[in-house]
Amino acid sequence: MRSLVTLSFLLGQLLLTVPLATAITVNANDLNSLKSAAETAAASAVNYYNNRESKLIPGKFDGTWWEGGAFFTFLINYWHWTGDSQYNDLVTTGLSWQGGEDNDFFPSNYSSYLGNDDQEFWTLAALTAVEQKFPDNPGHPSWLELAQGAFNDFVNRWETDKASCGGGLRWQLYPTLAGYDSKNAISNGAFFQIAARLARYTSNQTYADWAETVWDWSMTTPLFDNKTWTIYDMTRISKDCKDQDNMQWSYNYGSYVTGAAYMYNYTKGDTKWKDGVDGLLNTIWYTFFPQQYGGSILDEVACDPILTCNRDQVCFKGLMANWLSTIALIVPYTYSTIIAKLDGSAVAAGLQCSGPDSACGMQWFNSTYDGTSAIEQEMSALSIFSNTLVGFTSKNAHSSYTPPSPAAPVTADTGGNSTNNPTGGQSTSGYHPPKLPAITAGDRAGAAILTLVFSCAWIGMMVWLVVGGAY
Ligand SMILES: *[C@@H]1O[C@H](CO)[C@@H](O)[C@H](O)[C@H]1NC(C)=O
Ligand SMILES: *[C@@H]1O[C@H](CO)[C@@H](O)[C@H](O)[C@H]1NC(C)=O
Ligand SMILES: *[C@@H]1O[C@H](CO)[C@@H](O)[C@H](O)[C@H]1NC(C)=O
Ligand SMILES: *[C@@H]1O[C@H](CO)[C@@H](O)[C@H](O)[C@H]1NC(C)=O
Ligand SMILES: *[C@@H]1O[C@H](CO)[C@@H](O)[C@H](O)[C@H]1NC(C)=O
Ligand SMILES: *[C@@H]1O[C@H](CO)[C@@H](O)[C@H](O)[C@H]1NC(C)=O
């Protein structure tokens, strides 16, 4: 993912004059207010999408690739919870298109600068399609096969040698990119979640074994402290995975806690996974739902309050809303706690959606519009409004609403019918890993220079906002 505060964003901040506008009124106990809020945010996000410069390439956003995966995840959730299918064709076309030549979400147009995390967010979108019974695209690889193809790539990239920290996925795939020296939480947390979801859906134990391997390895590094249930952003191979970046990002927690929830469900309640779910949720509540705003409003604490979230980071609250609604269903004892947090966040997000034409800002904790606007703000708003509808699987629903059945993610045994292909990841048959360039001496020197630049940058954590590297 890219970490650049774009010029247009800054200009937007400076030039925007805020006209009076009304917020999106959300009453969490009124089904229709949530549905209509979701409808408004979906229309607005899709409007941005339809008017982008790269609109002739299905699924490709301007200046970023991974966000298409998050966008389609939220639109699938929107369809799942509201039944409104008007965007389904747009999702089907884009999600298939970006499966790429080898059916593993590693299209050659972009593969030379994609990181593991970029590929993972598309894989998670495909898994959402599988689990929410979003119909496969006839004549194209199934959503499940695309996810399995990407999974096979991650397995292929997993390092076990001691010099590479005895396990883990790197952030970036090429020595010339700054993130090549790091093993980061999102790359490994999302791989863990992908493996856990494949395990639960297919009941294939190989996936469960992989999930356990990633989880256990993470705890041998500073990325994951299982005494305090704290997740740090990254660690460096050149430091033998002994250092850490202390930034606290909600998506790192969300990726691991959701994987643990799937493993909890798959193992029918194993305490190893229950401890993980409880421990991480607890940290999520006190870190990302600050007491100062009442404890039930989601806040990307490292950047929302000071309005420095870059476009990637603005999406994180949307990812978390999607993950929490899922956990509420597959770890049923968390349900009422989670619904309260989603309800509070949806109401707060509605108040923040009070820019021109109900544009949404990023500061959900602030009842005054913060003056920012972009597709990412609309995407996160879309996700919180749609995913909060999970509360109506138990609340006294409006008579006109029938929750999706089943509401929880399905498996191959409970109604899922996406076509299985464990050897996915190739245009014909049989898995072949994508070719990455061989590492040359020049690349190593380049990586060393970047490492040096990195070391200097390490001092100031906020420097991460401008170093970047991913896409
Ligand atoms: C790759 O780029 C070409 C040329 O712009 C475009 O036609 C094609 O749709 C792109 N493929 C993907 C998967 O984005
Ligand atoms: C924490 O991780 C260590 C491995 O680093 C493991 O031995 C221990 O069992 C874990 N504890 C919990 C509570 O998961
Ligand atoms: C797993 O999820 C299902 C919903 O799909 C739920 O009914 C079941 O109780 C969960 N299992 C456990 C052990 O909580
Ligand atoms: C809420 O946003 C308004 C408008 O940008 C700003 O003036 C105010 O300081 C913000 N409040 C907080 C608590 O950040
Ligand atoms: C899977 O089920 C959906 C309906 O839920 C249906 O539209 C689709 O044709 C089915 N696909 C296959 C391969 O059976
Ligand atoms: C289970 O998954 C593994 C890993 O992809 C694969 O090699 C194996 O064939 C799968 N087994 C079945 C029964 O599908």
Side-chain angles (χ1 to χ4, degrees), residues 52-69 93-114 118-119 122-123 140-141 144-156 158 165-168 191 194-231 241-242 256-257 260 263-264 270-280 282-283 412-413 419-427 429-431 433-434 471:
R52 72 200 191 282
E53 275 175 35
S54 34
K55 58 174 171 282
L56 295 180
I57 305 181
K60 175 68 176 73
F61 276 37
D62 295 335
T64 177
W65 182 74
W66 83 272
E67 283 186 30
T93 307
L95 194 54
S96 271
W97 197 256
Q98 295 303 329
E101 298 83 347
D102 287 342
N103 305 323
D104 59 353
F105 295 116
F106 201 61
S108 61
N109 284 359
Y110 321 112
S111 59
S112 62
Y113 42 87
L114 295 185
D118 301 307
Q119 193 179 358
W122 282 89
T123 310
H140 294 265
L144 180 57
E145 175 177 348
L146 292 172
Q148 289 170 311
F151 170 87
N152 291 335
D153 290 351
F154 304 133
V155 166
N156 195 257
W158 184 264
C165 311
F191 179 33
I194 287 163
R197 289 171 73 164
L198 284 170
R200 179 175 175 277
Y201 184 83
T202 65
S203 300
N204 181 334
Q205 182 62 27
T206 307
Y207 296 123
D209 293 344
W210 267 103
E212 194 146 18
T213 297
V214 184
W215 175 267
D216 290 349
W217 173 80
S218 300
M219 288 179 182
T220 68
T221 74
L223 290 176
F224 194 145
D225 180 339
N226 69 354
K227 292 190 191 68
T228 59
W229 299 103
T230 307
I231 297 178
C241 290
K242 297 263 188 286
Y256 278 101
V257 72
M263 289 304 288
Y264 169 87
D270 190 319
T271 53
K272 172 171 180 167
W273 305 113
K274 181 178 188 304
D275 289 349
V277 170
D278 295 347
L280 289 174
N282 198 34
T283 312
D413 296 329
T419 308
N420 185 46
N421 178 8
T423 65
Q426 178 49 3
S427 42
S429 68
Y431 171 73
Y471 192 63

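Ligands are counted one by one from 1 in listed order, and the atoms in each one are counted from 1 as well. None of these values were measured; they are calculated from a predicted model.
Protein heavy atom closest to atom 7 (O) of ligand 6, with residue, atom name and distance, is P422 CB, 4.9 Å. Shortest contact from atom 5 (O) of ligand 2 to any protein heavy atom: M219 O, 3.3 Å. The protein heavy-atom contact nearest to atom 4 (C) of ligand 6 is T206 CG2, 3.7 Å.
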Legend entry - Test log, rule side chain to side chain contact (heavy atoms under 4.5 Å, CB included), inputs Q119 and F106: CA-CA 6 Å; Q119 193 179 358; F106 201 61; 3.6 Å; yes
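In this structure, atom 13 (C) of ligand 1 has protein heavy atoms in its sub-4.0 angstrom surroundings. There is a protein heavy atom closer than 4.0 angstrom to atom 9 (O) of ligand 1.
A salt bridge is absent between D270 and K274: the closest approach of a Lys/Arg side-chain nitrogen to an acidic carboxylate oxygen does not fall below 4.0 angstrom. Electrostatic pairing of K272 and D216 counts as a salt bridge here, judged by a charged N lying under 4.0 Å from a carboxylate O.
Considering backbone and side-chain N/O atoms, N204 comes within less than 3.5 Å of an N/O atom of ligand 6. Any N or O atom pair closer than 3.5 Å counts here, and N226 shares at least one such pair with ligand 2.
Residue Y110 touches ligand 1 through its side chain alone, judged by heavy-atom distances below 4.0 Å. Only side-chain heavy atoms of Q98 come within less than 4.0 Å of ligand 1; its backbone N, CA, C and O stay farther off.
With Y110 as the aromatic partner, K60 meets the cation-pi criteria of under 6.0 angstrom to the ring centre and within 45 degrees of the ring axis.
Atom-to-atom distance recorded for D118:CG and F105:CZ is 13.0 Å, nearest 0.5 angstrom.
Checked against a 6.0 Å centroid threshold, the rings of W210 and F191 count as neighbours.
Near N109, meaning under 4.0 Å from one of its heavy atoms, ligand 1 places the atoms 1 (C), 2 (O), 3 (C), 8 (C), 10 (C), 11 (N), 12 (C), 14 (O). Taking a cut-off of under 4.0 Å to the non-hydrogen atoms of Y207, the atoms of ligand 6 that pass are 5 (O).
No side-chain heavy atom of N420 sits less than 4.5 Å from a side-chain heavy atom of Y201.
In this pair, W215 and W229 present their aromatic rings tilted. The plane angle is within the 30 to 60° band.
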